[in-house]
K.L.:
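Okay, handing you the structure first.
Order of the sequence lines fixes the chain letters, A, B, ..., with proteins taken first and strands second; residue numbering starts at 1 for each chain.
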Amino acid sequence: MSQAYEHLSIEKKWQDIWDAEQAFKADDSDLTKPKFYGLIEFPYPSGAGLHVGHPRSNTALDIISRKRRMQGYNVLYPIGWDAFGLPTENYAIKNNIHPEIVTKQNIDHFREQLKKIGFSFDYSREVNTTDADYYKWTQWIFLQLFKKGLAYKSEIAINWCTSCNVGLANEEVVGGVCERCGGEVIRKTKSQWMLRITDYAQKLLDGLEDVDFIEKVKTQQRNWIGKSQGALVKFNVPEYNDNLTVFTTRPDTLFGATYMVISPEHPMIDALGSKIKNLDVVLAYREEAQKKSDFERTETAKDKTGVVLEGITAVNPLTNTLIPIWVSDYVLMSYGTGAIMAVPAHDERDWAFAKKFDLPIIEVVAGGSVQEEAFTDIQSGTMVNSGFLNGMSVAEAKKAIIEYLTEKGIGEAKVNYKLRDWVFSRQRYWGEPIPLVYCEKCGWVPVDEHELPLRLPHTDDFIPTADAQSPLAKLEDWVNTTCPKCGGKARRETDTMPQWAGSSWYFIRYVDPHNTDVIADKEKMNYWLPVDWYNGGMEHTTLHLLYSRFWHRFLYDIGVVPTKEPYLKRTSHGMILGENSEKMSKSRGNVINPDDIVAEIGADAFRMYEMFMGAFDQAIPWSTKGARGCRRFLERVWRLQDIIKEEPITQERESMLHGMIKKVSDDIELMKFNTAIAAMMTYVNDIYRLGSISKEELKTLLVLLNPVSPHITEEMWELMGFEGRLYQTAWPICDETKLVKDEIEIVVQICGKIKAKLMVPATIDKAGMEKLVEENDTVKALVAGKEIKKIVAVPGKLLNIVAI
RNA sequence: GCCGGUGUGUUGGAACUGGCAGACGAGACGGACUCAAAAUCCGUUGUCAGCGAUGGCGUGUGGGUUCGAGUCCCACCACCGGCACCA
């Protein structure tokens, strides 16, 4: 009898051995070997410790990485810490502990937890975004962006979280509230560092064509970038010494433009000043609109408001009629030109506005009934009331009108994106200092690159100032400096970078984490980049994933990295819900702590259950009972030691074994871990039914199971006296010829109903199948006395006889 | 409103290019072992009718295509995720 399966001692033993043997160190010594770079999103080391969600992604890529090593690849599977950020800072403020200390404690805790689960990370390449040796390069990248004009300071209305006291990027505002804390977000005008991600909109869109991302991710990024093709059209406003330019995707409807609308923040209002007869009303409306947060604006989306500019009109350039100009907050200053031409007949918003304020609706595309509702179909309509466009389709009219406008100099084709520039400043302490100084004479001047890293100065006062400035602003000694250009007096930028900075390029640093001269060695980058497989959460699709693609593409453009895209393949895991099918959270009291599970059933069973619980990309409720089922399975595997017997390997056994090899190998590649594990369970069930297993069969099973449950398999490998370490053993290859059987079972149906099952030779063809109707007694009995109308024969599968 | 996804036993979920629905796990029930319990092992477990062999029904709803539909097509319902006054 085998000893009991003691997971605690076994797991500790092998984790120590792997550490001592540096089993999972990526090899930089031979850069010609086939490589595999697997990546998971490096964790934010929060005080709460590891969550059961982390291991889902980690285990999945751990399985793939372990399998790749066994397949002979040089594997890089690294880990690091995304450690700057608000939660740590808030914790530090609350408990009066320096964030540096908190961060170190949390990282140590996380590392210990991860090691206990047995991930095959190359810990020698750990990176930490709060390390000066690391953020030196984060700052360096920022300076390159600055030098190329992609970083600029702007006085803009930003999203301001009233609870974190910090500015937010558009991507960080979710449903009108702060993505991180759920606090109310208002508009606030502040001078902020911005990154011109919009310059990269087209490149980011095009890049999606060349990568293997799950379709969901591509679609979400495309929607977020939001490309739309249209035209700019200039409208003459006699009272204004400038034209009023609009962006429209429907230049074909220009003849139907019966009024214009500008956003409340539009500069034309200030330029016209008292020429607007009801200026006081207009300014009051502007003030009212500015008070609203974005959230309130969208909430009142259906009920349109607005005021007309009295005494001001615009000229429709095609009809030469005078049309009124309105101000309304449904037109956003931040998109297009902040002004639109309103075509109520063919746009739902304009239609609603026209109905409310009783403005004329002129049909220019026939096909609907525009007095009842806006007709927006662009496929079927024909142009009417549109002069030279009459009779054309919408597509033809679009082309013709753009040509006409261009020729006359009153318009041009134009592409617009919904994507906005990235607000890059944070008024907080725990982030990378922005390496710029402000000099009265020279303006914004970058810190000399040799001065990097610009270290975050030590302070115990992390609270933002009363006027919502970073705590760094209080450190006068640090702030006051000299201008690197002219040597005169200068002040440092006191805002810090957002959390997304450090995580936008960490996968590059993993390639060469200890390099002190360059961001990473060229040859190493040529070898390891791009990341072959990146798994992470859907919630990062329009944040981290887009930002890091932007930075990477920029680094490619300036010749720093060798590839346009950072990630070849992107997959995504589903969330793990609480046992009550609700999102896990402290307040709901349904949080499962991985430590408890690992202690009770072991890391091997925990890993297995995380993969077995359901489809990898779907949200699944946790079930501790289900997890215990995986533990039971591992015990059954363990006890296979007791039924080892050397017997001749029958065809049935060979077929079982190779069927499992194929299923497990294929399913892991497709991330169908649940069915891969089920195949191993089925195999073990069959083995117990047969009553014995040979050493060779057990050997193969251990190899296949190793990526999922590495400790128990390595222990059994040693107990069985197999050669070397299991983690260094080659992955088995399915011998397809072993799957072929002499006889196979087919199904006999009468009118689609299953009536019998027959064993037939595996080589049977269609004619042979059809002959069964006359030659096989079972089939003959089924059709006796019936008239056969049709015979459908699928060789090796089924025979369906239509007979009455 | 738009885009994407999902809907299968008591339950988590399987089902390759249309071909045996419910693999594998959980739970439940029955049995063996035990003084007893736990653990383990064996068996049963979609539903209705029948002692039974067997037969009817069954993959959100309603239609359709097909010898054959969970899978394909049309219409609809419910839930989840993303975007949303983007001109």
Side-chain angles (χ1 to χ4, degrees), chain A residues 4 174-175 214-224 226-228 230 246-251 253 260-261 263 294 297-304 328-332 334-343 346-350 352-353 416-420 538-539 541-542 574-575 579 581 608-609 612-615 617-630 632-633 635-636 639 663 666 672 674-685 688 745-757 789-794 796-803:
Chain A
V174 176
I214 50 171
E215 210 46 47
K216 216 173 12 168
V217 168
K218 287 192 181 185
T219 311
Q220 265 187 42
Q221 289 208 345
R222 285 194 190 108
N223 288 345
W224 189 261
K227 179 177 183 172
S228 59
V246 302
F247 173 72
T248 176
T249 53
R250 296 293 306 274
T253 62
M260 303 190 73
V261 187
S263 128
D294 270 6
R297 266 198 183 190
T298 50
E299 261 194 332
T300 54
K302 272 145 216 141
D303 191 23
K304 300 257 181 305
S328 175
D329 63 4
Y330 85 89
V331 175
L332 309 171
S334 50
Y335 183 80
T337 63
I340 62 158
M341 64 178 209
V343 185
H346 305 290
D347 181 280
E348 276 162 29
R349 294 149 304 177
D350 298 345
F353 193 84
N416 244 321
Y417 300 92
K418 283 187 212 169
L419 187 68
R420 317 260 175 93
M538 279 310 290
E539 71 276 17
T541 302
T542 54
M575 219 189 330
E579 299 216 51
S581 296
M608 175 175 279
Y609 179 63
F612 180 66
M613 59 198 303
D617 59 353
Q618 252 145 49
I620 303 283
W622 175 267
S623 158
T624 299
K625 281 187 174 147
R628 290 197 188 110
C630 289
R632 271 202 279 273
F633 170 68
E635 295 198 4
R636 276 165 72 77
R639 286 197 306 269
K663 184 81 180 147
D666 292 352
K672 291 169 76 170
N674 52 339
T675 49
I677 293 164
M680 291 189 271
M681 289 173 167
T682 306
Y683 180 78
V684 171
N685 288 346
Y688 274 106
E745 193 185 58
I746 62 154
V747 172
V748 182
Q749 297 179 331
I750 305 292
C751 294
K753 301 262 181 206
I754 294 150
K755 293 292 174 182
K757 292 174 186 184
K789 297 256 181 188
K790 188 172 183 177
I791 297 170
V792 182
V794 182
K797 281 227 168 111
L798 96 173
L799 182 65
N800 186 13
I801 305 157
V802 185

K.L.:
Work out how far the C1' atom of B:U17 is from that of B:A32, and round it to whole angstrom.
P.N.:
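Each nucleotide's C1' atom is 47 Å from the other's.
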K.L.:
Report, as a single string ordered 5' to 3', how protein heavy atoms within less than 4.0 Å touch nucleotides 5-14 of chain B: B base, S sugar-phosphate only, - not at all.
P.N.:
-S-----BSS
K.L.:
Could you pull out all residues at least two apart from A:Arg636 that satisfy side-chain hydrogen bond (donor to acceptor under 3.5 Å, both in side chains)?
P.N.:
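By the side-chain hydrogen bond (donor to acceptor under 3.5 Å, both in side chains) rule, A:Arg636 matches A:Asn685.
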K.L.:
Does A:Gln221 have any side-chain hydrogen bond (donor to acceptor under 3.5 Å, both in side chains) partners at least two apart in sequence or in another chain, and if so, which?
P.N.:
A:Arg549
K.L.:
Under 4.0 angstrom, heavy atoms only, what part of the nucleic acid is A:Lys625 near: base, sugar-phosphate, or nothing?
P.N.:
sugar-phosphate
K.L.:
Where does RNA chain B form stems of at least three consecutive Watson-Crick or G-U wobble pairs, each pair having both distances below 3.5 Å?
P.N.:
B:1-7 with B:77-83, B:10-12 with B:24-26, B:27-32 with B:40-45, B:46-49 with B:54-57, B:60-64 with B:72-76
K.L.:
Which protein N or O atoms sit under 3.5 Å from an N or O of nucleotides 67-71 of chain B?
P.N.:
from: B:C67; atom 1: OP1; to: A:Lys790; atom 2: NZ; distance (Å): 3.2
from: B:C67; atom 1: O2'; to: A:Asn800; atom 2: ND2; distance (Å): 3.4
from: B:C67; atom 1: O2; to: A:Asn800; atom 2: ND2; distance (Å): 2.4

K.L.:
Categorize A:Asn685 for me: base, sugar-phosphate, or nothing, with a 4.0 angstrom heavy-atom threshold over every strand shown.
P.N.:
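Sugar-phosphate contact only.
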K.L.:
Examine A:Lys304 relative to A:Tyr330 and say whether NZ or CZ is less than 6.0 Å from the centre of the six-membered ring and inside a 45° cone about the ring axis.
P.N.:
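So A:Lys304 does make the cation-pi contact.
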K.L.:
Under 3.5 Å, which donor-acceptor pairs link side chains of residues 675-683 of chain A to any protein atom two or more places apart or in another chain?
P.N.:
from: A:Thr675; atom 1: OG1; to: A:Asp667; atom 2: OD2; distance (Å): 2.7
from: A:Thr675; atom 1: OG1; to: A:Lys672; atom 2: O; distance (Å): 3.0
from: A:Thr682; atom 1: OG1; to: A:Ala678; atom 2: O; distance (Å): 2.8

K.L.:
Looking at B:C85, I'd like to know if its phosphate oxygens (OP1 or OP2) sit under 4.0 Å from a side-chain N or O belonging to A:Ser328.
P.N.:
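No, no such contact exists.
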K.L.:
Which residues satisfy the salt bridge (charged side-chain N to carboxylate O under 4.0 Å, His left out) test with A:Asp350, sequence neighbours excluded?
P.N.:
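If we apply the salt bridge (charged side-chain N to carboxylate O under 4.0 Å, His left out) test to A:Asp350, skipping adjacent residues, there are no hits.
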K.L.:
Below 3.5 Å is the cut-off: list the nitrogen or oxygen pairs between protein and nucleotides 40-42 of chain B, distance only.
P.N.:
from: B:U40; atom 1: O3'; to: A:Arg639; atom 2: NH2; distance (Å): 3.3
from: B:C41; atom 1: OP1; to: A:Arg636; atom 2: NH1; distance (Å): 2.9
from: B:C41; atom 1: OP1; to: A:Arg639; atom 2: NH2; distance (Å): 3.2

K.L.:
Taking only residues two or more places apart in sequence, or in another chain, which ones meet A:Glu635 in a side-chain hydrogen bond (donor to acceptor under 3.5 Å, both in side chains)?
P.N.:
A:Arg631
K.L.:
For A:Asn223 and A:Gly629, take the nucleotide of RNA chain B holding the closest heavy atom to each; which residue's nucleotide lies nearer the 5' end?
P.N.:
A:Asn223
K.L.:
Report the nucleotide, chosen from B:C85, B:C3, B:G25, that has the shortest atom-to-atom distance to any side-chain atom of A:Met681.
P.N.:
B:G25
K.L.:
Can you list everything that forms a ring-ring contact (aromatic ring centres under 6.0 Å, His included) with A:Tyr609? Sequence neighbours excluded, please.
P.N.:
A:Trp622
K.L.:
Take the protein atom CG of A:Asn416 and the nucleotide atom P of B:A87, then report the distance between them rounded to whole Å.
P.N.:
8 Å
K.L.:
Grab the two heavy atoms, one from A:Ala342 and one from A:Val261, that are nearest each other, plus how far apart they are.
P.N.:
CB-CG2, 4.4 Å
K.L.:
With sequence neighbours left out, write down each residue that passes salt bridge (charged side-chain N to carboxylate O under 4.0 Å, His left out) with A:Asp666, or none if nothing qualifies.
P.N.:
A:Lys662
K.L.:
Which residues pass the side-chain hydrogen bond (donor to acceptor under 3.5 Å, both in side chains) test with A:Arg222, sequence neighbours left out?
P.N.:
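A:Arg222 satisfies side-chain hydrogen bond (donor to acceptor under 3.5 Å, both in side chains) with no other residue.
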K.L.:
What's the separation between atom CD1 in A:Ile750 and atom CD1 in A:Ile801, rounded to the nearest 0.5 Å?
P.N.:
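One gets 4.0 Å once the value is rounded to the nearest 0.5 Å.
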